[in-house]
Novice: 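Dumping the structure here so I can ask a few things about it.
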Amino acid sequence: MTILKNRLFWPAAILLALLIVNVFTSNQFITLQDGHLFGTLIDILRGSAPLILVALGMTLVISTGGIDLSVGSVMAISGAVACLLIKDLGNQNAVGSVLLIMAIAIAVSAVLGLWNGALVAIVGVQPIIATLILMVAGRGLAQLVTDGQIINVQSGPYATIATGFFLTLPVAFLIAMAAVALITVLTRRTALGLLLESVGGSPSASRLAGIRAKRITVMVYVVCGAFAGLAGLIYSANIKSADSIYAGNLIELDAILAVVIGGTALIGGRFSILGTVLGAILIQTLQVTVVSIGVPSKATLLFKAVVVVVLCLSQSATFREKVFGRFKVRASARTEVPA
Amino acid sequence: MTVMSPEPVTKHPAINPRRRVYRPNSKYIPILATLALLVAMYLGGVGNYRNFDQPSVVVNLFRDNAVLLVVAVGMTFVIITGGIDLSVGAVISLTTTLTATLLQGGWPPLLVLPLVLLIGALLGAGMGAVIHYFKVEPFIATLAGLFLARGLALFINQESIPIRDKIWTTLSDMRIPLGEHTRTTPTAITALTVVLIAAAVLAWTRFGRNVYAIGGSADSALLMGLPVARTRIAVYTVSGFCAALGGVLFTINSTSGHALQGTGTELDAIASCVIGGVLLTGGAGYVVGSLLGVLVYGMIGTIINFQGDLNSAWTRIVVGVLLFGFIVLQRLVTRRTR
């Protein structure tokens with residue numbers, strides 16, 4: 001029964017069920033081909049990398065009680081900056097230059113995150129509104145950078161971060177996992193995670209306890225921006241072009257969903273990195289599965305809605321109690337607690 | 001009734017009796033700030049652009065933003081209870097698609113109208129029930145509602161569907177004269193009516209007081225014996241209904257329906273409420289504030305239109321910059337009163 005009580009049990013169970021469906025519906029679920037792994041499972045891992053990165057940053061922001069709606073726009077800007085600079089390179093295949101350009105794009109994204117963080121922590125604007133500004137204006141900025149065009153690039157090293165393989169695994173997924181490992185170590189092996197949760201629990205109480213709450217708040221938005229920028233690079237490297245309109249469109253909702261599926265409360269104060277990764281992979285798997293079982297792609301959203309409802313209800317302790325509790329003997333009198 | 005004592009007992013005796021500066025009630029400060037900035041924007045527009053002082057500029061604000069206005073009213077109720085409704089944009093798209101499809105299929109318009117409004121309200125009620133009874137966070141429950149409604153809309157029809165119905169086209173072309181050179185549309189009148197009704201309900205009815213009480217503290221409201229369940233479900237029903245009504249107004253304005261219509265409206269509505277001084281934490285705010293918030297949004301768009309030489313990228317950036325300036329200004333104005 002203890003495994004049933006784990007809040008990651010239901011997401012994991014649904015993910016497993018979806019993967020089993022894929023085993024039967026896909027031509028090749030997982031095989032070794034051309035020296036690397038190949039198949040639907042690998043596609044899922046590769047495709048989920050941007051969402052994992054964005055959701056990872058979102059987890060940190062949400063753990064401090066905030067929210068970042070601007071991640072999609074930051075993705076668009078980052079991809080636009082990178083493609084613009086790479087296009088101007090004499091040799092687009094120069095690894096050093098491409099790496100430098102990627103660093104610049106991520107730095108730009110981090111600055112955008114700094115802007116969000118400053119608005120939230122220093123000016124004191126509600127996070128949903130503060131980041132709404134960049135969400136609206138950011139896509140305009142990306143359009144300015146690309147001059148309204150779609151910039152195509154032909155850079156081998158750049159494409160590698162989305163489509164390349166290393167040690168038989170997709171590079172994009174490895175990048176995402178490296179980020180996950182970094183954040184996990186930083187938050188669970190140092191006091192940082194505790195500080196984050198403390199700020200999320202009560203900013204003023206943690207400030208009185210001697211924690212620099214504002215600095216921590218700014219920091220999580222910077223990290224979130226940088227990760228969104230990295231996700232934007234992977235997205236644009238995948239299509240080998242900068243698309244300022246569709247890059248990262250509505251990804252903020254998917255990211256928030258991934259965070260919540262992973263058991264992080266939206267009010268802040270606690271977070272689960274592993275849960276977020278699970279949530280992001282679950283969302284990606286769902287999208288792949290819906291297409292692979294032959295449902296028209298326009299029904300994808302409907303499927304997503306059903307899964308969200310099922311997940312939310314199964315995670316709601318009250319729902320479990322009200323629906324399944326009838327079959328059990330009540331151990332103690334239940335008191336009505338308002339939501 | 002006891003006889004009133006001739007001298008009312010004041011809690012805080014004036015420190016300096018000579019000082020008689022007018023100080024507005026602090027709860028109205030955000031609204032007054034919004035109003036002042038709206039007026040400043042308007043005067044700025046009048047000073048910079050020809051014909052900005054025409055009355056039609058102000059009147060058209062209501063027509064152009066009728067949908068957002070109605071949606072923001074519903075959102076105000078939800079936000080005051082401390083919740084949030086992300087599904088409104090999707091409900092708009094579902095309503096426009098459904099209305100257009102049913103009308104195209106030859107359904108009687110007088111049946112279609114109540115039907116789509118009912119569907120919007122039921123969707124809202126469903127989300128409210130899930131939020132209250134199963135303690136799912138509003139953000140997530142309404143996010144599911146968003147996916148559901150937009151998924152349904154896309155499932156029904158992905159194309160833009162024209163509406164040829166007599167009633168719809170008549171309403172769309174109808175102009176109500178308000179004065180010389182100034183005419184308005186039935187959609188604007190409807191939106192304004194909704195605002196007035198909602199403001200009255202929130203200010204003067206028991207339901208309105210319950211909404212504020214839940215936003216202040218749901219636990220206290222329950223202990224006081226207020227119908228928390230009924231009220232909470234009702235506000236989401238109101239929001240769903242308003243979103244559906246917004247969708248109907250949209251089909252009247254544009255005589256078409258499209259599943260991608262209304263994308264992002266939820267964020268516009270939330271932003272309007274916040275600009276109008278509705279606290280996202282719940283318990284404070286007025287419908288009039290949201291009205292002013294929508295007008296600010298509309299005024300930004302109007303000024304950009306009058307400027308005329310901005311491409312779509314700049315339009316987004318200017319909206320963002322103005323939103324930023326506005327929020328920071330309001331933040332500075334309201335902070336001083338604390």
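First the proteins, then the strands, lettered A, B, ... as listed; each starts at 1.
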Novice: Could you grab the distance from atom CG of A:Leu253 to atom CZ of B:Phe139, nearest 0.5 Å is fine?
Specialist: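 So the CG of A:Leu253 and the CZ of B:Phe139 are separated by 6.5 Å.
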Novice: Return yes when atom CD of B:Gln307 has more than 12 non-hydrogen atoms of other residues, nucleotides or ligands closer than 6.0 Å, and no otherwise.
Specialist: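 Atom CD in B:Gln307 is crowded, with more than 12 foreign heavy atoms closer than 6.0 Å.
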Novice: Can you tell me which portion of B:Leu143 sits under 4.5 Å from chain A's heavy atoms? Options are side chain, backbone, both or neither.
Specialist: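 For B:Leu143, side-chain heavy atoms alone lie under 4.5 Å from chain A.
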Novice: What pairs meet the side chain to side chain donor-acceptor pair (under 3.5 Å) rule with one or both residues in residues 71-80 of chain A, with sequence neighbours excluded?
Specialist: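 Checked against side chain to side chain donor-acceptor pair (under 3.5 Å) - neighbours excluded - no pair reaches residues 71-80 of chain A.
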Novice: Nearest 0.5 angstrom please: A:Thr131 OG1 to B:Leu267 CG, how far?
Specialist: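 One finds 9.0 Å between OG1 of A:Thr131 and CG of B:Leu267.
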Novice: Sort B:Leu146 into side chain, backbone, both or neither according to what part of it lies under 4.5 angstrom from a heavy atom of chain A.
Specialist: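 For B:Leu146, side-chain heavy atoms alone lie under 4.5 Å from chain A.
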Novice: Do you know the tightest heavy-atom contact between B:Gly320 and A:Ala137?
Specialist: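 Residues B:Gly320 and A:Ala137, closest heavy atoms: CA-CB, 3.9 Å.
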Novice: Which heavy-atom pair separates B:Leu148 from A:Leu302 by the least distance, and what is that distance?
Specialist: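 The answer is O-CD1, 3.6 Å.
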Novice: Less than 4.5 Å to any heavy atom of chain B: does that hold for the side chain of A:Asp254, its backbone, both, or neither?
Specialist: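 Contact with chain B involves the side chain of A:Asp254 alone.
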Novice: Would you mind checking which part of B:Ile84 comes under 4.5 Å of any heavy atom in chain A, side chain (CB onward), backbone (N, CA, C, O), both or neither?
Specialist: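 Side chain only.
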Novice: Quick one: of A:Gln126, A:Met135, A:Gln143, A:Arg139, who has the most non-hydrogen atom pairs under 4.5 Å with chain B?
Specialist: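 Winner by heavy-atom pair count: A:Gln126.
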Novice: Side chain from CB out, backbone as N, CA, C, O: work out which of these in A:Leu69 comes under 4.5 Å of a heavy atom of chain B, or both, or neither.
Specialist: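 A:Leu69 touches chain B through side-chain heavy atoms alone.
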Novice: Any non-hydrogen side-chain atom of B:Phe324 less than 4.5 Å from a side-chain atom of A:Val125?
Specialist: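 In short, these two side chains do not touch, never coming nearer than 4.5 Å.
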Novice: Got more than 12 heavy atoms from elsewhere within 6.0 Å of CZ, B:Phe207?
Specialist: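 Yes - once you tally the heavy atoms of other residues, nucleotides and ligands closer than 6.0 Å, there are more than 12.
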